[in-house]
Each structure stands twice: as C-alpha cells, then as structure tokens.
Amino acid sequence: MTQSPELNDASPSTDDLLNELRWRGLLHQITDEEGLGKLLSSGPQTIYIGFDPTATSLHVGSMMQLMMLRRFQRAGHRPIALVGGATGMIGDPSGKSEERNLLSAEQLQLNVDGVAAQMRRFLQFEGEDGFEGKNGALLLNNFDWMQGYSYLEFLRDVGKNFPVGTMMGKESVRSRLNSEAGLSYTEFSYMLLQAYDFVHLSREHGCRIQAGGSDQWGNITAGIDLGRRMTGQQLFGLTAPLLTTSDGKKMGKTENGAVWLDPERTSPYAFYQYWVNVADDDVMRCIAYLTEIEKDEYDELAERTEQSAGERAAQKRLAQWMTTLVHGEEGIESAQRATQILFGGELGNTTDDQLREIFADVPSCDISQDQIDGDGLWIVEALQLAGLCSSGGEARRSVKENSIYLNNCRVTDEQKRVVGSDFDGRSVIVLRRGKRKYALLKLVAGAAN
RNA sequence: GGGGGUUUGCCCGAGUGGUUAAAGGGGGCGGACUGUAAAUCCGCUGGCUAUGCCUACACAGGUUCGAAUCCUGUAGCCCCCA
C-alpha cells in the first residue's frame, strides 16, 4: 500500500507528458499547444513557475505548481522555481498600511531559505547529493537581477515594449479598474516585472516555457509578448486550473488558516487529516492535480468512491500520498498512529512518549504536583486551564452535556477532581471535549504554571 | 437648519412598565445518527464553587414599589423638507 513517491520512479517519456497533463485536467490554457508539443519532443526544455516568498513556508496552495514542475522534471526537463524577491518587495499596495507589505532583505532571505528547503521534497536540485541527471532544478530569485536595474533603463528596455492599450485589455487589469479598490501604478507595473522575468530566464537559461495557475494567464502572456518584442523568440505558456473546492473556495484553507508544509506550522497529523477530510466531490480532482497516482489506480479509486463513498478509500490514499511526499515515512507513520488514537478511543497502555508525540500539536497546560495533591484539581477548573472551556459555566455545561472525557473516558460528575491516580503512571492527562477537541495536562516539577 | 424614524444578546430579529438573562431564526458548542461526511433530530448558548448573587437591551441621567419598555440629554444610522 505504501508507495514512496520517489523521483527515480519510471518516468513518463517526453511524448507522454502532455497526455498525462491532459488526463489529469491540468491543461487549462496553452498559448500554442501544437508548438509546445513539438518543442517538448525536440529535446529537454526548461520551464519556470514563480512563487511568492511571503513566508518561511509554502502552503497547500503552492503544491499544484510544485507538482507541475516535478512532472516536467520527471519527464526529463529542467524546472526553475523562481521566487519573487523583487516582486515580493513591492507587494500588494492596498493603500493605507505601507509598512506591512515591505519585506526586508533579511526576511526575504529567511523566506527563500525556508521555501527552498521544502522544495527539495518535490524537486531535485542541481548539485544535490545523489542526483545524476542533467536536468537539476534551479532556484532563482528575481531580486538578483532586478535590484541593479535602474528605473530609466527599465523604462527604455521594457516599458517601451508595453502598449498600454493591450494592458488595459487584460482581464486582470480591467477587473481591478472596475472594482472599488482600483489599481495603483505599482500594481499596474507588476506585470512588467513578471514579464521581464520570463525574458531574462529565456536569455540566461534558455527557458522558453512558463507555467502557473490560471490567474497568471495575463502575466504569462505579457511575458510572451515582451519576449517576442525584445528577442524575437517564441515563448510558451500554459496554465493549470485553480484548485478550488466544489463550492468554489480555495483549497488549503481551514478555520485555523492555511495548511502549511512546514511541520512546525501544520503538524504531519493535521496535514494528513486535512486530506482525509476532503469532500467526496473534490477528492478525485485533488488526486489528479496533486499526486502521481497513475491512471489505473485513479480509475479504481474513482469507482470505489462512487460505489462505497463511506470507505473513503480515495481520501485515505490521497492523504497518504501527500503526507509521505511532504513529511516522509516518519511523518506518515506518526500521522496514522495519531489518527488511530485520536479516533479509536482507548488509550490502553500507550506509553508516555507516544502520547506526547501523538498530542504534540494539541494545546497543553502545565500543572504542578501540589495542584493534584489533596482534593485535587476540580474538573471545571482543569477544563478552563486547558483552554477547552472559556468559563466555569461553559465547563459545567459541557460536563452536563456528556462531552467531556478524561483519558478518553467520559466524565459525568461535575464535581470530579483530577488527582494523582488519574495520571495512570504517565506524566500527562488527555482531556477531550466533544469528538475532536483535545488538550493535555502536563505534570511538571516545581511551582504551578 | 427643520421634521420623522431607528439603535436589543456573536449576527438577524420580536418584545412597549411586572418571573424578561429577554420569543423566533442564524451561527457556535455538544449529543444521537453516520463515513472523522452531508442531511436530519435533540440539548445548550452572559458571569460567578450558584436553590442564590452580579452584569446586560447605544451612552448618561430621571419618573416609578418595579423599566429593554415612560421622560430628558448625548452619540450612531435612516428617511423627508430646506
């Protein structure tokens, strides 16, 4: 069942790449499909996708793009992950708070470093240990070539080649002009920067293909136009559909915010759970867009989802594939172990260490020995300390509602005191409210809190 | 500038002097059911170690034994006249 998504798996040949992208539904728009096909089969090509280095971690929203690059790399092409250090510095000038959008050079470097580390899960970079191929991925930062580019020079080289009329015709520009927010000159210029990236990469790295989400179509075609004007060379663009849920929302968002790839921000368990909980209507699309699960298995999973949705075979497979890719074997194992305990009930003889690991990303509070000595700690108070209830009234209520569990055993007595024996030889107590809200009480030496 | 209306708990929205911590709905939180789902059904939804006490119906003051409900002033929103 466990199939490690290694890059060294048998790769589809160049000729098959477009077919694969096609059955996966990843081809939203292509500038010149026939021409691109010819280009790809003429030999290894270079393709780039831009990423915004807005944080030290990528999130689920970037995964389609990373997988796209990965698919090209597996087919023998060279991927370039371009981080937008320059464009990120300009940011989104929404008006009032100018200070919040400016990324400092140091922060930018931190972000780039963090993001680059995560990209290694998806791509094999040039010079990386054990990678022999000639198509090692490159990580480039447009800040490197933009920072020394003077405004005057830029206007003469690039701006000159941008007919305002054409830009005004772009959907991305028009919709903003009609909106209340309007469009600032800086935002308007954003397109020029991104277009120039493409030209720069085509010159310096022979990169003739840019991919991206369908929202990037305008920027990509702007780059292609600029390339034709500045170099006379034909460039190609393709976009993938945006990954949205069946009710039209962006994937990768939860009540708690984005689902990150960084295990410090989103634990492997939470990451795994996110995919397990994908709606039936969305799961096959996720598998097609985000994984390398082959057509045969895809069809089989689609069939099983159709026949016995309750089994959620597709969700589990998706979660397993994604978690293994992002968090490795250890990640998927701990996520699955945690899932068992968190949904299975019985703590049984789970050891202290295992408990602490399983509940690692669950809120906890420290309590001291003297708090459980004597009469012990009143359950109502414990629930508040643990953050499961925000007031005493709410805590009493939830006990009355039969929703409180101590070490996964239901608490029915409102007067229950937590005492030493509840620790059952361990150093933590698992409190739970409802089906899935957990908190830990950790016994620590010394004074309370 | 003049006249009229409105302001309720997380949100919407009843309530016009007396069990009103405030109907109803939404949301949220639980429970049952289930697929860790959707739908459905049921309960809870100001605070307090609590048969009681405190704080709440824009804000401040007043009338009353008693006010979210009446009066005055202040502020916000809406409409009409100029």
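The chains referred to below are lettered A, B, ... by the order of the sequence lines, with proteins before strands, and numbering in each begins at 1.
- The aromatic rings of A:F359 and A:Y438 are tilted relative to each other, their planes meeting at an angle between 30° and 60°.
- If you measure from atom CG of A:D282 to atom C1' of B:G35, you get 16 Å, rounded to the nearest angstrom.
- Remark: the A:E311 side chain and the B:G35 base include no donor-acceptor N/O pair separated by less than 3.5 Å.
- Comparing A:A309 and A:E401 by the nucleotide of RNA chain B whose heavy atom lies nearest to each, the residue mapping closer to the 5' end is A:A309.
- Using a 4.0 Å heavy-atom distance criterion, A:R433 is classed as a sugar-phosphate-only contact.
- In this structure, A:R337 atom CZ and B:U36 atom P are separated by 21 Å, rounded to whole Å.
- Across all strands shown, B:G1 pairs with B:C81; the Watson-Crick or G-U wobble distances both stay below 3.5 Å.
- B:G35 atom C1' lies 20 Å from atom CZ of A:R317, rounded to whole Å.
- Checked by atom type, the side-chain pair A:Q124/A:N135 shows no donor-acceptor distance below 3.5 Å.
- Around atom CD of A:E306, no more than 12 heavy atoms belonging to other residues, nucleotides or ligands sit under 6.0 Å away.
- Screening residues 397-406 of chain A for salt bridge (Lys or Arg N to Asp or Glu O under 4.0 Å) gives A:K400-A:E414 as the qualifying pairs, with residues at least two apart or on separate chains.
- Look at the C1' atom in both B:U6 and B:G13: the space between them is 14 Å, to the nearest Å.
- A salt bridge does not link A:R317 to A:E300: none of the charged side-chain nitrogens sits closer than 4.0 Å to a carboxylate oxygen.
- Under the Watson-Crick or G-U wobble criterion, with both distances below 3.5 Å, B:A75 is paired with B:U7.
- Side-chain nitrogen and oxygen atoms of A:R396 include none within less than 4.0 Å of the OP1 or OP2 phosphate oxygen of B:A50.
- On the P atoms, B:G27 is 9 Å away from B:A39, given to the nearest whole Å.
- Comparing B:C53 with B:A21, their C1' atoms are spaced 13 Å from each other, to the whole Å.
- Residues A:S368 and A:D370 have side chains that bring a donor and an acceptor to within less than 3.5 angstrom of each other.
- Contact annotation: the side chain of A:M119 approaches that of A:F51 to within less than 4.5 Å [non-hydrogen atoms, C-beta and beyond].
- Across every strand in view, B:A14 sits unpaired, with no contact that passes the Watson-Crick or G-U test at under 3.5 angstrom.
- The pair A:R285-A:D282 counts as a salt bridge, with a side-chain nitrogen and a carboxylate oxygen less than 4.0 angstrom apart.
- Taking A:F198 as the reference, A:Y48 meet the ring pair (Phe, Tyr, Trp, His ring centres under 6.0 Å) condition, with sequence neighbours excluded.
- A:R432 places its CZ atom 15 Å from the C1' atom of B:C29, with the value rounded to the nearest Å.
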field: CA sep, side-chain torsions, deciding dist, call: A:R74, A:E20, salt bridge (Lys or Arg N to Asp or Glu O under 4.0 Å)
entry: CA-CA 12 Å; A:R74 288 188 65 184; A:E20 158 136 23; over 6 Å; no
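- As rounded to whole Å, 16 Å separates atom P of B:G35 from atom CD of A:Q307.
- Comparing B:U49, B:A37, B:G31 by their nearest atom to the side chain of A:R410 picks out B:G31.
- Rounded to a whole angstrom, the distance from the P atom of B:C29 to that of B:G46 is 16 Å.
- The environment of CD in A:E34 is sparse: at most 12 heavy-atom neighbours from other residues, nucleotides or ligands sit within 6.0 Å.
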Below 3.5 Å between N/O atoms, which protein atoms pair up with nucleotides 45-48 of chain B? Just atom names and distances, please.
from, atom 1, to, atom 2, distance (Å)
B:G47, OP1, A:S391, OG, 2.8
B:G47, OP2, A:R397, NH2, 3.3
B:C48, OP1, A:G392, N, 2.8
B:C48, OP2, A:G392, N, 3.3
B:C48, OP2, A:G393, N, 2.8

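- A:Q216 and A:Q194 form a side-chain donor-acceptor contact under 3.5 Å, judged by distance and modelled atom types alone.
- Distance A:F343 CZ to B:A37 C1': 12 Å, rounded to the nearest Å.
- With B:U36, B:U34, B:G30 as the candidates, the nucleotide lying closest to the side chain of A:K437 is B:G30.
- By the ring pair (Phe, Tyr, Trp, His ring centres under 6.0 Å) test, A:W378 pairs with no residue at all, sequence neighbours left out.
- Comparing B:C10 with B:C57, their P atoms are spaced 12 Å from each other, to the whole Å.
- Ring pair A:W275/A:F271 is perpendicular by interplanar angle, where above 60° counts as perpendicular and below 30° as parallel.
- Remark: B:A38 base-pairs with no nucleotide; criterion is Watson-Crick or G-U wobble with both hydrogen-bond distances under 3.5 Å.
- Spacing between B:G62 and B:A14 at atom P, rounded to whole Å, works out to 31 Å.
- Heavy-atom distances under 4.0 Å link RNA chain B to A:Q273, A:V276, A:N277, A:D280 of residues 269-280 of chain A, given in residue order.
- When the C1' atom is used for both B:U63 and B:U51, the distance is 35 Å, rounded to whole Å.
- Residues from residues 412-422 of chain A lying near RNA chain B, meaning a heavy-atom separation below 4.0 Å, are A:R417 in numerical order.
- Spacing between atom CG of A:L318 and atom P of B:U36 amounts to 17 Å, rounded to whole angstrom units.
- Going from the P atom of B:A75 to that of B:A60 covers 15 Å, rounded to whole Å.
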